[in-house]
Structures are given as C-alpha cells and as structure tokens.
Amino acid sequence: MMERRARLRQSRDVQRVYDKGSSWRHPLLVLIVRPNELGYSRVGVTASRSVGNAVQRNRAKRLLREAARHLYPEFETAGLDVMLIARPKLVTAREADVEEALAKLLKHAGL
RNA sequence: CAAGUCGGCCAGGCGGUCGCGUCCCGUGCGCGGGACGAGGAAAGUCCGGGCUCCAUAGGGUGUGGUGCUGGGUAAUUCCAGGUCGGGGCGACCUGACGGAAGAGGGCCACAGAAAAGGAGACAGCCGCGGAGAUCUCACUUGCCGCUAGGUGACCCGAUGAGUAUCCGCGGUGAUGGUGAAAAGGUGGUGUAAGAGACCACCGGCAUCCGUGGUGACACGGAUGGCCAGGUAACCCCCACCAGGAGCAAGGCCAAGCAAUGAGGGCGAGUCCUUGGACCUCCGGUCAAGGACGCGGGAUGACCCGUCCCGUUGAGCCCCGGGUAGGCUGCUAGAGAUGAUGGGCAACCAUCAUCCAAGAUAGAUGAUCGCCACCCCGAGGCGCACCAGCGACCUGGGGGGACAGAACCCGGCUUAUCGGCCGACUUGGGCU
RNA sequence: GCCCCCAUCGUCUAGUCUGGUCUAGGACACGGGCCUUUCAAGCCCGCGACAGGGGUUCGAAUCCCCUUGGGGGUA
C-alpha cells in the first residue's frame, strides 16, 4: 500500500467520511469521498462479511489498495479522504478491471 | 496384476518489474541497502494447559465433567500399549461395559391375557361339581308287504356316555397370537394337565479356591440357587477431577468531563453507659463508646461460619458527563533439527547446532515470462479389415484445492484439487 | 479476538426441562367454496415446518456429539 500518512487509519476518520461524504457506486465497489484539511489525500479500504470469508475479504482489500496505489498520483494533492468499499463481485475480478472501475468512479466524482 | 488396509510427506519451481510489514545498517533526512515475513488445518472454539488479574480460615450441600486397565504427558474428553464386546476371509476397523441380581425412584406408548420383583388365564389343555343331548340298539305297538324287510309312534330300558356341549370353581406357563422385549436351551422323568417340580448335558450368573498377569482380565476347579428384562447419552449411587474470569486479561503514559458526579428516587433503629453545654430542668437535644438487631459487601453456585463497611447514609436504580489515542504484555518456547541411549509404543533423558512472522481499518500482494504436473480435444507417425489403440512427435485450450497468524502451546473435529513414498492383507498368474 | 444465546409451516409462536398419545397444535397470511348485487366481516375446507448429519433408545422435534446459519455482549 501507500505510505502510512496516506492511509485512513483512525476509526473516527472513517466514521467522518461515512457520515459526511459523497458516494458513487459501481458493481465492483463503492467510493465515498470527503475533503480534509491536510493538503494531501488519504485512502481507506473495507470489506464486510457479505464479501466472503477472511481470505476473500483480504483479497478484495488488496485489490482495492493496488488499484488505489496505481491511481494515487491522480488525486494526491486534492486533499480528500477516500473510502473504498468492496462488493461481493470484486473477489472474482482482475486487478486491471478494478483499476478501470476505480478510475471511472473518480472521474464521476470530478477528479 | 487386481482389489484393499494402515501410516507418513508435499501443498508447484525459477526469474523479471511495481509494491507492503518488522528489524538492522547507512544517510545529504528526500531516501538507499540488507535480512526475515502464514497453515496443515492458521478454521470451528469442542477439550486441556501455560500466562495475567481477582479471590483464598474452615465445614456442609450442590453444579459441571470424566468413567475397562495400567502407562505417557504440564494437562486432557488426547496419545500409544493391553483387555473385553461388535464387524471383516484378512491386513485391520470400531465401541465402552463402573453400578440395573451392590441402595433407591421413574419410564417401557400402541398391540397384547399379562410390560416388571416373580405378574398374568383371552384362546387352548386338565381336574372337580352341576346341567345334559342328537343318534344307535332292544322292548311295546300301528301301517305296508307272501316272505325278506321297510316306515312311524312311545321315550320304559341298555350302550356309546354322564360322552359331546354348556355353566361354575380351580390347576397350568408347556402351545397360539401381540410386541423391541413375554422370566434360559435340548432331551427325559414326572403329572389330571403341566411346569427347573426333578434329572442329564449345554449356556449364563454369583461366591470361593488355584495358576498367570502390576492390573483390566484369562484359564482351570468346586459349590450354590435354578436363571435375575431393558433403560443410568432418565434421576441416581460409587470413584476421581474442577475457585472465577479472560491478552478487549493486566500494567504504564497522555487526553478529557460538573473530575466517581451539581440532580431525582429507593434505602436498615432500639436500648444502655459516660460527659459537659443548652432548654420548658419530669425529661429532651448533642458528642463519644457499647449491646442486640437490621442493611450491604467479600468468601464468584448456595448455606453455616468468618471478615469488612454502614445504620443520616453503605449500597442500588434512574438521569447526566468524559475517553475509547499511544506504549507495553508480544514472542527464545512444554522451541526446531540432528545424534546417542532407554522403552513393544506413546514418550523420556543426555549432548550438539540453530533462532524461524509479530500485523492493529490489521503486512506476505499485483503482473509478466519460462519449465514441470493433470485434464480435454486436433494433426502426424506406428499397429490394425474395421472399431479403435499407443508410454512417440507437433502445435492449441483449460486447471491447481481448502483456506489467512491476532497472547502462546498440546490435542480433537471439520474443509481440502491433486501428487509421492513406505509397510501389510486377500485373490489370480508366471518362474 | 474473546465470551454467550438461538434455530419448529410464508410470519409469530406452543410442544423440548419430564422421549411414545405428534400423521407436530394455534394465530395471521395464502388458495378454494358458502353467504352478499359486489367488497369487507363471518362460516367451512385445503396448503404448509422440527436447519443438516451421526449416535443413544424398541422409539428422538425432545437426550448426546459434530457441522451450518443467525443474534447479542465485551475496551
């Protein structure tokens, strides 16, 4: 994943994004975005029980991180807190498909 | 060669590119380099322990667990060996059975006569008592007939017969049927009919003795009463074991609120002694101490007992406020590998060498190439009349499971594409 | 992560402790019929479940074990 400061790690940060952020959906994943005041962007990933067992949840989160790592330069300086939520179909997807889906969502979000 | 049994092992490999976590080194603080980085089940959380905190005079009653035997182990519901029962031709698998004649209670639906301490008579069989034929023969007699004979009446007599049958009383557990289960089996004696009522043999049980074994138990002998249903994964009895919670345990730091709280409610008292002050000087109020009682807490299931606190405030409930950040625990351990020795084995002892994940919105990933492995179908080549076969060659397509450490171990259970190795059994063939 | 609890017709439940009378009962829902001009209500009939597997027992929704799926608590 990216370096530590570019991750969303605190429970309160995640909760703030969930409460106040704007969301965009895709069959593979959901994107939630909220501006922060740090001058750089942070990314968090999550996968609920509905995605599958522990192996499948880890796999889903790794795919999301990998896609976010590749696209991070696109929005690094935008100063946003970004949450990526895995959906069940993500488990069977390829990394390139995930990256494409994330790019599409970021475009919709105006980045 | 075929079929099978048991045990062990692996969980594709190599190399690029881009990344992640921990530690170490260097640094121009931007970063660079190096080492290490999931499993056999990491899973389910079903057992057992370590570790941490809380508690810990004692006694009793419970609750939960275990249950052939002696070992192994830190410990177990685990493991290995033995014993017994069941299954299999066998290798082997599997189960527990402590106790139901050693305490007691409960339950055994339906069916069936009867379902549990010895009961019970539905049918059947038998005895006794009572009632009691049909029919046959003879006697008497009517009719028909020449005779032989036929047919009817009478209900006196005889026989089958006091029989069949019916009723009552009793005997019977052998037979039938019911059921998961009906109180040993076979043969005989016996009897009115029968019955372990008695006898012989067999099976099983109990007690005692002997031999072997640490023991469960096995083998042999004697005696006994003649035989005792199932269920304790129903209560229970016996023996043994178990204090409670869990790393979100626990410790430290920081931050923060009205700083264990400003509010509301509930909440257990009488007596005696002493003291001085006040009052309306009988007495009451106040302070200290004591007795009995009451309330609460600890003894983490309960009771007694013990200890502590409170009885103008212990404690409980409502309401309200704040933090949920960092460090530590955190990985060197019942540790791994090898050798030697002991033991049938599980396992143990000694020595040597080695250090091998520590994440915390939670690291071990993404992608590409090559080579192995498995499957599918195509072409060539070879064999073949065909069907087809092939361990050879060529180039394609597809597949690789179950699953992710979260304090750490030992087990169990469950999931799992496929592959390899070893030991053994049975059957067939060849030498 | 750890610790608990639960699972019965489409839904809510009774029965489970104390095994048999369970072919598993009830309510709502659903389907059909009667009634009504029609609808509703009412009456009658029907459909419909013991999460899965194994064991104990003559017999299991019930007792025991394993698995699966839900729910709750915990700084």
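Nothing here was measured: the structure is a model prediction, and the numbers come from that model. Letters A, B, ... are given to chains in the order of the sequence lines, protein chains preceding strands, and every chain is numbered from 1.
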Subject >> Out of G404(B), G362(B), C18(B), whichever nucleotide has its closest atom nearest the side chain of Val55(A) >> reply: G404(B)

**OP:** Taking only the side-chain heavy atoms of Arg59(A) (C-beta and beyond), determine which of A363(B), G365(B), A361(B) contains the nearest atom.
**Re:** G365(B)

Opposite nucleotide pairing with [N], Watson-Crick or G-U, both atom distances under 3.5 Å:
N       : answer
A387(B) : none
A287(B) : U274(B)
A40(C)  : none
G70(B)  : none
U340(B) : A349(B)
A57(B)  : none
A133(B) : none
A109(B) : none

**OP:** Return the 5'-most residue of the pair Asn53(A), Glu66(A) with respect to RNA chain B, ranking by each residue's nearest nucleotide.
**Re:** Glu66(A)

Original post:
Given that His70(A) and Ala96(A) both sit by RNA chain B, which one's nearest nucleotide is further toward the 5' end?
Top reply: His70(A)

Can you tell me, in whole Å, how much space there is between the [atom1] of [N] and that of [M]?
N       : M       : atom1 : value
G98(B)  : A216(B) : C1'   : 12 Å
U414(B) : C47(B)  : C1'   : 15 Å
G59(C)  : A233(B) : C1'   : 15 Å
G112(B) : A180(B) : P     : 13 Å
G19(C)  : C107(B) : P     : 11 Å
U364(B) : A391(B) : P     : 44 Å
C227(B) : A197(B) : C1'   : 15 Å
G204(B) : G229(B) : C1'   : 15 Å

Original post:
Does Arg62(A) have a side-chain nitrogen or oxygen under 4.0 Å from the phosphate oxygens OP1 or OP2 of U364(B)?
Top reply: yes

Original post:
Are OP1 or OP2 of G21(B) and a side-chain N or O of Arg65(A) less than 4.0 angstrom apart?
Top reply: no

Original post:
Hey, does Val98(A) have a side-chain heavy atom less than 4.5 Å from the side chain of Glu66(A)?
Top reply: no

Original post:
Are any of the side-chain heavy atoms of Val51(A) and Leu90(A) separated by less than 4.5 Å?
Top reply: no

Subject >> Glu99(A) versus Leu71(A), closest heavy-atom pair with distance >> reply: O-CD1, 3.6 Å

Would you mind reading off the distance between [X] atom [atom1] and [N] atom [atom2], rounded to a whole angstrom?
X         : N       : atom1 : atom2 : value
Glu100(A) : U367(B) : CD    : P     : 15 Å
Glu99(A)  : G365(B) : CD    : P     : 19 Å
Arg57(A)  : A361(B) : CZ    : P     : 15 Å
Leu90(A)  : A366(B) : CG    : C1'   : 13 Å
Gln56(A)  : A42(B)  : CD    : P     : 20 Å
Asn58(A)  : A405(B) : CG    : P     : 8 Å
Leu71(A)  : C18(B)  : CG    : P     : 18 Å

Taking syn as within 90° of 0 and anti otherwise, name the glycosidic form of [N].
N       : value
G102(B) : syn
G290(B) : anti
G90(B)  : anti
G30(B)  : syn
U178(B) : anti

[atom1]/[X] to [atom2]/[Y] distance, rounded to the nearest 0.5 angstrom?
X         : Y         : atom1 : atom2 : answer
Leu80(A)  : Asn36(A)  : CG    : CG    : 7.0 Å
Lys61(A)  : Asn58(A)  : NZ    : CG    : 5.5 Å
Leu105(A) : Ile32(A)  : CG    : CD1   : 11.5 Å
His26(A)  : Glu100(A) : NE2   : CD    : 7.5 Å
Leu84(A)  : Leu31(A)  : CG    : CG    : 6.0 Å

Original post:
Base, sugar-phosphate, or nothing: which does Arg94(A) touch, judged by heavy atoms less than 4.0 Å apart?
Top reply: sugar-phosphate

